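Computed from a prediction, not measured in an experiment: that's the story for all the values here. Reckoned from all heavy atoms, side chains included, excluding hydrogens, waters and symmetry mates. Chain identifiers are assigned alphabetically (A, B, ...) following the order of the sequence lines, protein sequences preceding nucleic acid strands; residue numbering begins at 1 within each chain.
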Number of protein chains: 2
Amino acid sequence: MSPTSRIRLVDVAAAANVSKQTVSRVVTGSADVAEHTREHVLAVIARLGYRPSASARTLCHGRSYTLAVVGLDFGFLSTELYQGAAQQAQALGYSLLLKTLAKPDTTSVEQLLLGLTDMHIDGVLWAIPDAYDRCDWINSNLLARINIPVVFLSTAPRAGIVTVSFDNLDGARLAMQHLISLGRRRIAHISGPLAWWVARERVRAWRLALQEAGLEAPESYLAEGDWTPVSGERAMAQLLDRSLDFDAVFVSNDRMALGALLTAHRRGLRIPQDVAVIGFDNILESASFYPPLTTVSQNKRQHGELAAATLIRNVAARFGGAANASSPLPALTHSLIARESTAPIPPSGA
Amino acid sequence: MSPTSRIRLVDVAAAANVSKQTVSRVVTGSADVAEHTREHVLAVIARLGYRPSASARTLCHGRSYTLAVVGLDFGFLSTELYQGAAQQAQALGYSLLLKTLAKPDTTSVEQLLLGLTDMHIDGVLWAIPDAYDRCDWINSNLLARINIPVVFLSTAPRAGIVTVSFDNLDGARLAMQHLISLGRRRIAHISGPLAWWVARERVRAWRLALQEAGLEAPESYLAEGDWTPVSGERAMAQLLDRSLDFDAVFVSNDRMALGALLTAHRRGLRIPQDVAVIGFDNILESASFYPPLTTVSQNKRQHGELAAATLIRNVAARFGGAANASSPLPALTHSLIARESTAPIPPSGA
DNA sequence: AATAGAATTGTTCCCGGGAACGGTTTGTTA
DNA sequence: TAACAAACCGTTCCCGGGAACAATTCTATT
């Protein structure tokens with residue numbers, strides 16, 4: 001296509017009869033360049049269609065204006081989170097690299113992170129959920145060695161790391177208070193895998209809310225799922241098999257709630273009359289469940305945006321960037337979406 | 001941390017008492033290096049912890065071993081597709097950049113693609129669905145100008161572009177044949193937005209299958225949705241309001257099928273006895289719909305993998321890479337997942 | 001022992017930009 | 001009018017690697 005490959009800074013300089021440094025100054029907008037020189041150079045740039053090479057810049061600045069999100073190879077990460085992070089990064093002049101990890105043991109993590117430093121990645125968004133031993137590597141000296149800002153998503157806070165998470169305790173409490181305010185007293189809980197930090201937080205909120213309301217939270221009212229709809233079916237079946245006579249279930253995510261609904265229908269239970277069901281996440285589908293699901297909304301897109309914005313601040317700080325009176329970043333908040341799967345206790349004998 | 005920033009090729013060369021070119025040869029594995037020299041250099045590399053700089057390589061090779069996926073800023077793209085593409089890219093030694101586009105008009109597309117050439121991106125995965133005027137830019141000379149291999153996902157085939165898609169005609173026919181084989185004769189269709197190529201393909205398959213079976217496909221049996229669950233609710237309501245007396249619905253995706261089920265329940269229809277419902281996609285949730293949804297499975301992950309693999313072949317070819325007797329890539333195939341939302345026509349008068 | 005030829009290893013230059021620093025102008029102050 | 005500071009522009013060198021080409025071995029023949 002193009003006659004002789006790519007147009008370089010020097011080509012522009014030659015065509016404009018100035019030194020390449022002057023062209024560089026015009027391009028980067030640094031230092032002073034006489035107005036007429038500027039315009040002339042700009043014109044030549046436009047005429048030649050010159051575009052600066054990002055990799056050359058990366059080479060001499062030691063920074064790439066690129067971030068990496070690291071997620072599990074298989075897993076539940078929502079597209080919205082990726083989209084939010086990507087959009088925010090782009091808006092702030094960064095690109096986003098997508099990395100997946102099959103098995104997050106310390107060795108693989110080390111390989112991955114070293115690879116990222118090879119590419120002069122400026123920062124990392126760690127989107128692998130805090131569960132099992134997936135965060136063990138934090139205790140190694142890896143973080144210090146790679147010397148790149150990392151922001152952890154939905155990870156238990158600990159010293160020395162930056163996390164960006166929803167306050168699940170708060171969100172789950174919202175769900176519980178809703179059920180309690182409807183007059184429900186015997187509230188069961190279908191949790192995510194207890195190896196997950198977020199699942200444990202929600203369980204904790206379930207216990208706390210019941211306790212604060214002077215209600216019981218017996219272990220038999222708790223069933224553990226694995227976030228999938230079928231696990232929700234199973235968990236609901238377990239609860240019912242215990243013949244506990246509960247009048248509400250707080251389910252730790254909408255997907256499992258879907259399964260719980262199916263089991264309830266199959267057992268002839270009426271939702272919400274016999275059992276009120278509340279979910280968590282507010283996925284797109286939940287509005288059309290049968291019946292439409294009451295749930296707590298978590299804006300995943302916003303989560304991604306906030307994480308990216310936070311990371312970029314850290315990156316900028318690291319490169320001595322201006323501490324430009326950064327306005328505080330917004331917090332992530334939940335909201336209750338009341339639909340038909342919850343309702344007040346019907347008058348007894350109904 | 002590190003005493004004096006990063007260790008370079010020359011540092012290794014100095015420490016090993018060889019020229020940097022020798023070190024380079026060892027690192028890249030190119031040409032012949034005497035065995036003992038190799039081992040010595042390798043040892044020094046390990047001792048110093050040397051790691052080649054990706055950006056320096058990009059600079060001198062003019063290729064970055066990085067691909068970009070371009071998707072819509074908001075949209076329906078599934079995580080699995082991204083994961084599949086990312087995983088496959090990594091397996092073949094490439095990285096994947098995630099780009100989103102808010103409004104895919106020709107100008108934005110041009111900006112985006114030029115930005116990608118600035119970074120020496122090797123290839124592009126175009127994951128913006130073929131709908132409305134989003135593909136108009138292909139007709140400009142942009143593709144030729146940027147001179148980067150592009151693979152289009154789920155886009156209508158046309159001269160001069162490479163596409164990787166499921167054969168929706170085939171998949172939809174699978175659904176239709178299933179319904180017909182169950183004795184269903186009056187089959188309605190809830191389509192995606194007709195501006196979408198994939199939606200039109202499925203409509204076409206609906207018509208063709210009915211025609212081949214000697215059945216009618218009147219326009220009144222067609223309702224258009226927008227892929228969302230609520231649009232499925234509305235579309236089902238429209239169909240029912242026409243009092244058409246259909247005995248099955250083929251819904252163009254599982255999400256809308258969920259909505260269709262909800263409307264059916266609300267109107268007192270029994271699924272599958274009164275109306276059989278079949279979906280498309282086989283999302284994780286559909287196994288726990290009420291009732292569990294019969295559907296046609298599309299493996300999105302595999303779609304991402306195949307797209308990435310295809311793109312990488314084109315990239316390799318473009319860089320004069322070995323035409324290494326490339327084994328043919330697998331095709332994308334659908335499969336029918338029979339569940340409870342479809343069943344044979346019950347004996348009349350049931 | 002001389003010499004072609006293969007196997008190794010070294011030198012130079014370039015990839016595309018930009019920081020550091022040096023040299024001119026031009027205008028201002030004493 | 002000399003002295004001096006801005007404002008503007010140019011030269012040199014470095015970022016980290018690798019291709020092209022040159023130079024030096026070593027080996028096998030005649």
Does atom OH of B/Tyr65 have more than 12 heavy-atom neighbours from other groups under 6.0 Å away? no
Here the salt bridge (charged side-chain N to carboxylate O under 4.0 Å, His left out) pairs for residues 71-99 of chain A, sequence neighbours left out, are A/Asp73-B/Arg301
Would you call the rings of A/Phe152 and A/Trp137 parallel, tilted or perpendicular if under 30° counts as parallel and over 60° as perpendicular? tilted
Please answer whether the main-chain N or O of B/Leu332 pairs with a side-chain N or O of B/Gln302 as donor and acceptor at a distance below 3.5 Å. no
Main chain of A/Leu153, side chain of A/Thr155: is a donor-acceptor contact present, judged purely on distance under 3.5 Å? yes
Main-chain N/O of A/Lys20 paired to A/Ser24 side chain as donor or acceptor, under 3.5 Å: no
Base, sugar-phosphate alone, or nothing: which one does A/Val18 contact when heavy atoms must sit under 4.0 Å apart? sugar-phosphate
Measuring to OP1 and OP2 of D/dG10, would you say a side-chain N or O of A/Thr22 lies under 4.0 angstrom away? yes
May I ask you to list the residues of residues 53-66 of chain A, by number, that have any heavy atom positioned under 4.0 Å from an atom of DNA chain C? A/Ser53, A/Ala56, A/Arg57, A/Leu59, A/Cys60, A/His61
Can you pull every protein N or O that's under 3.5 Å from an N or O on nucleotides 4-8 of chain D?
none

Are the side chain of A/Thr58 and the backbone of A/Ala54 linked by a donor-acceptor contact shorter than 3.5 Å? yes
Could you tell me whether B/Arg51 contacts a base, only the sugar-phosphate backbone, or nothing, with contacts defined as non-hydrogen atoms closer than 4.0 Å? sugar-phosphate
Among the nucleotides D/dC13, D/dC21, D/dG16, whichever has the atom closest to the side chain of B/Arg8 is D/dG16
Do side-chain atoms of B/Ser108 reach the backbone of B/Lys103 as a donor and acceptor pair under 3.5 angstrom? yes
